[in-house]
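The structure appears right after this line, and notes come after that.
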Amino acid sequence: MRHRGFLAFGIGLGTALFCGWIAFPYALYRQTEQPIQFSHKIHTGEKAGLTCEECHALTAEGRLGLPKLDKCAPCHSEPQGKTTAEKLLVDRYVSKGREVPWLVYARQPENVYFSHAPHIKLAQIKCERCHGPHGDTGSLRPFEQSRISTYSRDIHGRSVLPIRRTEWGSMTMDDCSRCHRERGVQESCLTCHK
Amino acid sequence: MTNVTRRNLLKLAGGAAIGFMASPMPWRLTDELAIWTQNWSWIPVPPKGEVTTRMTACSLCPSGCAVQARCIGGLPVSLRAPAGSAALCSLGLTGHHLPYHPARLLAPVRVTERADALHTNPVRLGEVVTETAAAIAAAKAGLGTVAVLDMRPGRSISWAWRSLLSGLPGGAVIAGPGREGASLATLERMLAIESGSLGLDFEHARTIVSFGAPLADGWGSPRTLQRLLGGSRGNVRLIHVDPLRSPTAEIADRWLPARPGTEAVLALGLAHVLIAENLVDRAAAAKAVDFERYSLLVSRVTAEKAAAVTGIAADAIIATAREIARAMPAVVLAGEDAGGGRFGRAAETAILGLNLILGNAGKGGGFLARPDLPAPFDSASLAPVQDLDQLPDRSVALLLIDASAGDAAFPWRVVERKLIAKGGLVVALSPFFAGTARHANLIVPAPTFLEAMFELPAGFDAPAATLGISAPLIAAREGGADPASFVRAVAAASRIDLPGAWARSEDLIKARVARIHRVGRGSVMSIADGAEKPLAAVATPDALLEALMGGAKWEDAPSPSVQSMKTMLLGDAAGELERISTCATAPKQSPQYPLTLLPRAPRDATASAVVSPVITKLYRESVLRRSPETAVLNPATARELRLRAGRKASLETAAGAIGVTIATSGSVMPGAVEIAVSPGAIALGDMHTAVKMEILEICAIDESGGWRQSAARLVEA
Amino acid sequence: MLGIGLFAIGLCLIKGLNQTNMDNRFAFGLWIFLDLTVIALGAGAFFTGFLLYILRRDELRAVINSAVVLGFICYSGAILVLMVDVGQPLRAWFTFWHPNVHSMLTEVTFCITCYLAVLAIEYAPIVLRNRQLRKVPSFLVFEFELHKVMPVLAAVGTFLSFFHQGSLGGLYGVLQGRPFAYRDGFAIWPSTFFLFILSAIATGPAFVLVTTWAVSKISSKRLVQPSVYRILAMVSGWLLVTYVGFKGIDTLVWLNRTVPRTGAIPAQFYAWQPFGTWVLFAEIVLFGLVPALILIAGARRRSFALQLTGSLLACAGVALNRFVMTIQTLAVPTLKFEPFMLYWPSWQEVATFLAVAAYGVILYSLSFRYLKLFPHERDLQQY
Amino acid sequence: MKSSANSGAIIKRRFGLVIDLDRCNGCGACATACAVENNVPPAFPEVNERTGLTWMRVYRAENGRTFPDSRTVYFPISCQHCGHDTPCVSVCPQNAVDINPQTGVVSQIPERCLGCRYCMAACPYHARYFNWFDPTWPAGMEKTLNPDVSVRMRGVVEKCNLCHSRWQVAKAKAAAAGKQDLDPADYTTACAEACPAKAIVLGDLDDRNSEASRAAKSPNAFRLLAKLGTDPKIYYRSNREWVRRLGDADVAQIESEASRG
């Protein structure tokens with residue numbers, strides 16, 4: 001009798017823990033593949049020999065983002081090699097002159113005003129500090145987006161817990177303000193929010 | 001293996017509860033839900049894209065202010081005045097909203113009335129053209145005449161209309177009513193000017209005598225207002241005649257609140273003092289063939305008599321006359337009657353006559369002769385341009401309304417009266433199912449501001465002819481129709497061949513620009529760098545067009561001489577003025593309509609068919625503009641008539657009644673009742689609220705299509 | 001009633017607060033005013049607890065359970081309404097995660113939620129005394145344990161309640177932008193902080209008295225000894241006297257020192273009908289001093305009628321005070337050129353509150369039916 | 001640690017507006033421009049002057065005399081950005097309101113706000129507005145929204161922040177050029193920019209040679225409800241004595257047209 005009671009208790013506990021720790025994080029995120037595959041390694045390697053700045057350049061307004069098609073077109077007017085990605089790039093985008101609808105891992109939410117300029121130019125922070133070392137990744141991982149908050153997993157933290165395994169891999173408000181505090185930036189909501 | 005007891009279930013639940021608490025799920029869910037509320041899918045998200053700045057000009061009123069548009073991904077998100085040029089008004093600041101206005105038409109429609117509400121059913125453009133052609137045929141067969149109501153005359157499309165009408169019975173282009181400075185036509189008649197028109201030289205005037213010209217409410221070019229408000233105010237004096245304590249009265253150096261309807265007497269009284277005290281430019285005055293009669297006539301209207309009629313102290317009138325003479329050049333404007341319409345011919349003649357005895361004709365700071373802009377093409381015969389009151393009643397079988405470049409509020413009653421008994425066909429070219437177009441049977445959607453090229457001929461208050469072009473920033477919407485090509489189509493359908501090689505409005509505008517370039521006179525004013533270079537320095541017509549598209553303005557060389565063979569101080573209103581000068585008395589109120597109704601009509605309420613929905617900030621969302629449901633009285637008047645503030649009442653005139661709430665304010669003239677005119681529900685983009693009877697609909701009207709102040713009464717509910 | 005109310009709540013949550021008649025000027029409306037009142041009346045719970053467990057007035061054991069249930073209802077009800085009142089209920093927890101320690105509202109939120117927990121725990125043993133549940137051995141143990149810590153809980157509860165009753169008063173006292181509500185204070189708390197505490201503990205017992213009487217009328221049973229009523233009346237009466245005293249002093253200080261310093265003119269506050277100076281009079285004398293005297297007299301003369309009227313008046317008084325602080329404060333203009341405004345609640349607002357009231361009644365009657373709210377009930381039925 | 005020193009450099013400004021009431025003729029361009037700049041939605045049909053959203057609101061007031069001596073003045077009123085004991089900052093339970101140390105601007109963060117409206121009760125200028133409705137624009141008009149300002153959702157408070165997005169853009173531009181501080185020419189508010197009479201001037205009140213600080217020091221300059229001691233950063237000026245009395249808090253109530261009878 002008594003023993004069976006504990007059994008029931010145990011089952012309850014077990015299932016709950018399983019759902020909470022394993023099933024939930026899995027269910028929370030919707031995974032989408034990028035429109036086409038892309039290898040930073042190839043482009044930065046001796047093959048193309050590009051630097052980060054050549055594609056991700058800072059504009060006079062202090063904006064910085066993904067390269068437009070005109071950056072890709074010169075080399076990719078013809079497929080470079082046999083990969084499907086190449087074929088897609090040329091057929092679907094370059095030849096049609098359509099921009100590639102990349103899914104941006106690090107896109108900040110609508111209520112955030114973020115400019116790369118002060119971080120790169122003034123504070124001289126390295127890209128890896130926030131974006132991690134994907135300059136030499138061979139492929140693009142699927143884009144993960146929370147089904148509820150619609151936030152990209154990259155900005156809301158890889159882990160479901162508010163803990164950070166690596167220096168990068170999470171661009172939550174806390175991460176921003178931690179860094180700001182370390183550097184003694186005078187902060188207020190309006191410094192980053194709009 | 002185990003029998004399920006209630007207690008076991010309890011324990012299972014307990015375990016589960018503890019388990020969940022120990023997992024990240026509940027906490028993360030709370031967080032995610034909070035973030036969800038910050039990113040609701042139904043909250044609009046602003047556009048993304050690169051930021052660019054593009055130049056154009058505002059086509060929403062004849063002032064044609066230069067506009068600098070901030071664009072995201074090529075589409076304008078905000079409009080502002082370029083550095084160094086006149087600031088934009090609320091209409092201009094929100095002009096880029098209009099292409100998305102809920103009243104916007106995206107296909108030709110037929111308007112039908114069911115259950116006393118208007119409905120629209122889409123029709124094909126072809127049908128509209130054939131029906132119009134049919135109506136033309138019917139007119140030719142003797143059913144009636146054909147007329148075009150041109151809400152923005154002076155554009156080159158007007159020539160297209162005029163050549164279309166030239167062959168048709170009674171064909172005439174009617175200059176749309178409710179235009180600022182329409183009174184200048186009267187002055188032109190007094191000066192017997194055949195060609196060209198008069199331009200007003202505010203720039204050099206040292207005194208502006210405004211008879212009800214609402215300068216501070218967007219009347220005329222914003223430049224004038226900014227001169228009056230700006231730092232350089234020192235060198236221009238404003239004398240304002242207005243029974244309303246209006247924003248213009250607020251900024252005037254001298255305010256003369258003459259009783260509504262007594263403006264003519266005030267003008268004659270001023271003339272009397274000017275002549276009696278020998279303050280006039282005799283030489284100039286003597287040019288007038290009827291000067292003797294005039295001075296005799298005004299000699300009857302002594303300052304004291306004028307005072308008795310107008311309610312303005314005699315010494316104030318005398319002082320004003322001297323003030324005017326002291327600070328010449330002084331330009332005298334006949335603006336709007338206290339009801340917002342034109343004064344009527346007699347008053348206009350009396351008021352504008354002051355200019356002639358002050359010698360303002362052809363003088364800097366006065367009225368300059370202004371050669372017309374070159375026509376876009378030569379044409380053997382053109383239909384005349386007339387005013388509405390020159391059109392006989394019950395004559396028009398086909399009325400075409402061109403509201404493609406803007407609209408203005410005016411009483412439809414005056415137009416309706418012109419249509420043949422069984423109501424002829426009314427076809428409108430308008431971007432919106434609003435304003436004048438709502439009275440049409442068929443509407444062809446024209447492109448609106450920023451969607452197409454619009455030409456901007458100078459407003460009445462520019463000393464010389466000018467031309468600007470409003471360049472399109474947004475691709476025209478599907479289903480729209482170009483006015484010029486509509487004219488062509490109608491002409492083709494009714495076998496009228498039109499001169500000139502043009503198919504679309506742009507062609508007409510380009511043709512006109514080319515002709516300006518050929519004339520070679522004047523200079524081009526660039527907005528970007530404020531530089532002014534002679535037109536001769538512009539190499540090709542295309543170069544000129546490009547400059548104008550970039551926000552530049554062509555300005556003709558001023559030609560001050562007004563050659564006039566036969567100046568008439570009493571114009572064609574001599575008889576009426578005789579009557580006024582002899583037996584004018586202070587206006588008496590009829591016992592059953594003891595109040596004078598004075599509608600307050602700011603520009604953004606009457607100068608266009610629709611406004612941006614954001615204009616609600618000035619009306620419904622704040623108390624800056626009075627509510628159109630509030631009738632405001634002087635406290636004394638209210639006491640006299642036993643009306644209590646805050647009560648609901650019905651405001652009644654001979655023409656109708658509306659429901660209002662009574663309010664009192666010391667700023668209202670005793671015996672008057674003020675009501676604000678504000679954009680209607682449709683104008684503000686609310687297509688669902690039922691259209692209410694609006695204040696202007698119960699005001700008295702005049703033949704030229706304006707509103708007059710009217711006798712009214714308030715009956716508490 | 002519950003149904004309509006829930007529907008109204010649904011409207012407010014789904015369509016938004018445009019369902020209410022509140023506006024940018026009347027940011028607070030019926031809900032906040034009633035919340036404040038209800039919470040003030042709910043003070044009976046902790047104060048009786050305080051008298052019983054701390055001051056050891058054992059006669060009050062007769063009403064403590066009922067008082068606790070009342071408190072629980074009032075507080076949970078108030079919180080329910082608040083959840084509808086805020087524009088973004090799903091973000092309410094931010095207050096705990098990113099609290100602004102300077103805000104009176106933060107104090108209120110923290111205290112009220114904590115105290116609600118306390119009440120829940122105090123509620124537990126009453127539930128557990130239910131005959132059915134007594135069968136479960138572990139529950140018995142639990143209940144016994146609870147009883148030992150009850151004084152501690154009472155103490156904690158008392159502290160929390162004192163604090164948030166105060167904070168509720170502070171809520172308005174700190175509004176230095178609203179000369180009508182702003183008060184000078186001691187230390188960091190404006191005088192209203194203490195006045196609210198006083199008025200709450202003064203009317204709390206009165207409310208207990210009223211409800212107990214009402215219940216015994218409805219159930220037509222004698223529930224407590226007349227002596228209990230007398231104690232409640234006496235306590236309430238004397239506290240009310242003190243309150244009125246302080247309130248009077250505070251008002252004088254406010255009129256003669258605080259207001260002039262803000263540049264406002266006291267007379268202006270009462271220049272607007274219907275809120276004339278009569279409000280001030282009613283608040284202090286009619287519903288303050290008068291009930292106080294009636295209560296004391298009633299207690300002295302052992303006249304229950306007097307005790308009851310006094311209690312009713314006192315409750316009305318505290319409501320009036322909360323009304324003035326909430327609604328009149330917002331109605332009085334601050335800028336010279338802006339109008340005086342009034343507002344009427346929409347049916348959604350009223351219905352929402354009625355729903356909560358209904359919930360209160362239901363919960364109470366259930367408790368009364370199944371639980372032992374009045375320990376002496378049985379014995380009193382004997383004779 | 002050059003970088004940290006660099007980014008930590010202290011810039012302290014006190015931006016404020018100086019509004020010349022003798023120039024304002026109540027045209028409302030400031031209110032319109034503000035709404036366009038800050039994505040303030042147009043009114044629902046049900047909305048009235050008590051539930052509307054007007055970050056910049058123009059009040060009409062009269063001198064209380066009667067015709068023909070009656071005079072009208074217009075008070076453009078936005079958030080007054082109080083610098084001392086800011087009433088709304090201390091009351092917000094969850095830090096949705098704070099003061100930006102670099103600009104002195106009082107912020108209101110809609111994403112943090114829970115809509116308790118305590119700050120609105122605290123504000124003596126009624127400069128804070130609550131989103132009673134979900135924001136909606138006519139179909140297609142969302143293409144005209146300003147990308148630098150986030151659209152607020154229903155159930156939160158919003159108010160003027162001196163076009164802070166423009167400040168952010170100017171800062172970014174400066175940073176891109178390697179400059180620590182923005183060029184004053186790059187930053188002005190929409191209302192100041194739109195005013196046809198140039199009646200509104202934005203500037204750093206601490207910067208001795210800014211036009212604003214000079215105007216604010218003129219003898220005819222005053223601040224609304226200055227006696228409350230909240231040190232607002234919006235100054236008004238008028239040469240007309242009755243206007244100054246209207247603006248200051250120690251004269252008897254004057255009948256206001258704003259009451260609409």
Side-chain angles (χ1 to χ4, degrees), chain B residues 37-38 40 42-48 72 75-78 80 87-90 93-94 96-97 100-102 216 222 225-226 229-230 245 247 250-251 257 613-618 620-624 627 630 634-636 645-646 661-670 685-686 688-689, chain D residues 23 25-29 31-33 35-37 39-40 42-43 45 47-49 52-54 57-60 62 64-72 74 111 134-147 149-151 153 193-199 255 257-261:
Chain B
T37 64
Q38 301 168 352
W40 277 333
W42 60 87
I43 305 294
V45 177
K48 301 268 178 295
I72 303 296
L75 292 179
V77 298
S78 72
R80 68 186 69 170
L88 302 179
C89 65
S90 288
L93 286 165
T94 55
H96 60 304
H97 289 165
Y100 312 103
H101 194 283
L225 173 61
Q226 278 162 42
L229 292 171
R245 183 68 201 171
E250 280 307 329
I251 62 168
V614 165
I615 298 294
T616 49
K617 304 289 165 218
L618 310 186
R620 291 217 317 279
E621 286 184 88
S622 76
V623 291
L624 172 56
S627 145
T630 311
N634 185 294
T661 310
I662 301 173
T664 59
S665 158
S667 66
V668 181
M669 174 181 259
D686 167 14
H688 306 299
T689 309
Chain D
R23 283 192 175 194
N25 74 322
C27 73
T32 318
V36 172
E37 173 73 21
N39 299 339
V40 184
V47 167
N48 60 20
E49 82 277 6
L53 299 165
T54 49
R57 189 188 194 88
V58 186
Y59 286 77
R60 193 181 336 96
E62 292 178 4
R65 318 218 359 230
T66 189
F67 194 92
D69 304 324
S70 158
R71 296 292 177 267
T72 307
Y74 300 91
E111 292 72 32
D134 270 320
T136 46
W137 282 262
M141 211 181 276
E142 66 279 352
K143 293 199 206 73
T144 67
L145 295 180
N146 177 1
V149 179
S150 65
V151 178
M153 66 293 300
E193 185 179 73
C195 181
K198 301 269 165 292
E255 267 298 306
E257 236 298 305
S259 68
R260 280 181 162 206

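Convention: sequence-line order gives letters A, B, ...; per-chain numbering from 1.
Note: D:K143 leads D:K143, D:K198, D:R65 in heavy-atom pairs under 4.5 Å with chain B. Per-residue counts of heavy-atom pairs under 4.5 Å with chain B were compared for D:A194, D:A43, D:A31, D:C27; the largest is that of D:A43. Counting heavy-atom pairs under 4.5 Å between each of D:V47, D:T72, D:T136 and chain B puts D:T72 at the top. Counting heavy-atom pairs closer than 4.5 Å to chain B, the top residue among D:G26, D:P196, D:G52, D:A199 is D:P196. Ranking D:N48, D:V36, D:N39, D:L53 against chain B, the residue ahead of the rest is D:L53, based on heavy-atom pairs under 4.5 Å.
Of the two parts of B:K617, the backbone and the side chain both hold a non-hydrogen atom closer than 4.5 Å to a non-hydrogen atom of chain D. For B:P613, the parts lying near chain D are the backbone and the side chain together; criterion is any non-hydrogen pair under 4.5 Å. Contacts of D:A33 with chain B are made by both backbone and side-chain atoms, with heavy-atom separations under 4.5 Å. At a 4.5 Å heavy-atom cutoff, the contact between D:V40 and chain B is made by backbone and side-chain atoms alike. If you measure heavy-atom distances from B:T616 to chain D, the contacts under 4.5 Å come from the side chain alone. Contacts between D:D134 and chain B at a heavy-atom distance below 4.5 Å involve the side chain alone, from C-beta outward. Both the backbone and the side chain of B:L624 come within less than 4.5 Å of a heavy atom in chain D.
Nearest heavy atom pair, residue D:Y74 against residue D:R60, reads CE2-CG, 3.7 Å.
Residues forming a salt bridge (Lys or Arg N to Asp or Glu O under 4.0 Å) with B:R80 (at least two apart in sequence, or on another chain): D:E193.
Distance check: B:R245 CZ to B:N634 CG gives 14.0 Å after rounding to the nearest 0.5 Å. If you take OG on D:S150 and CD on D:E111, they are separated by 4.5 Å, rounding to the nearest 0.5 Å.
Taking 4.0 Å as the cut-off between side-chain N and carboxylate O, D:R71 and B:E250 do not count as a salt-bridged pair.
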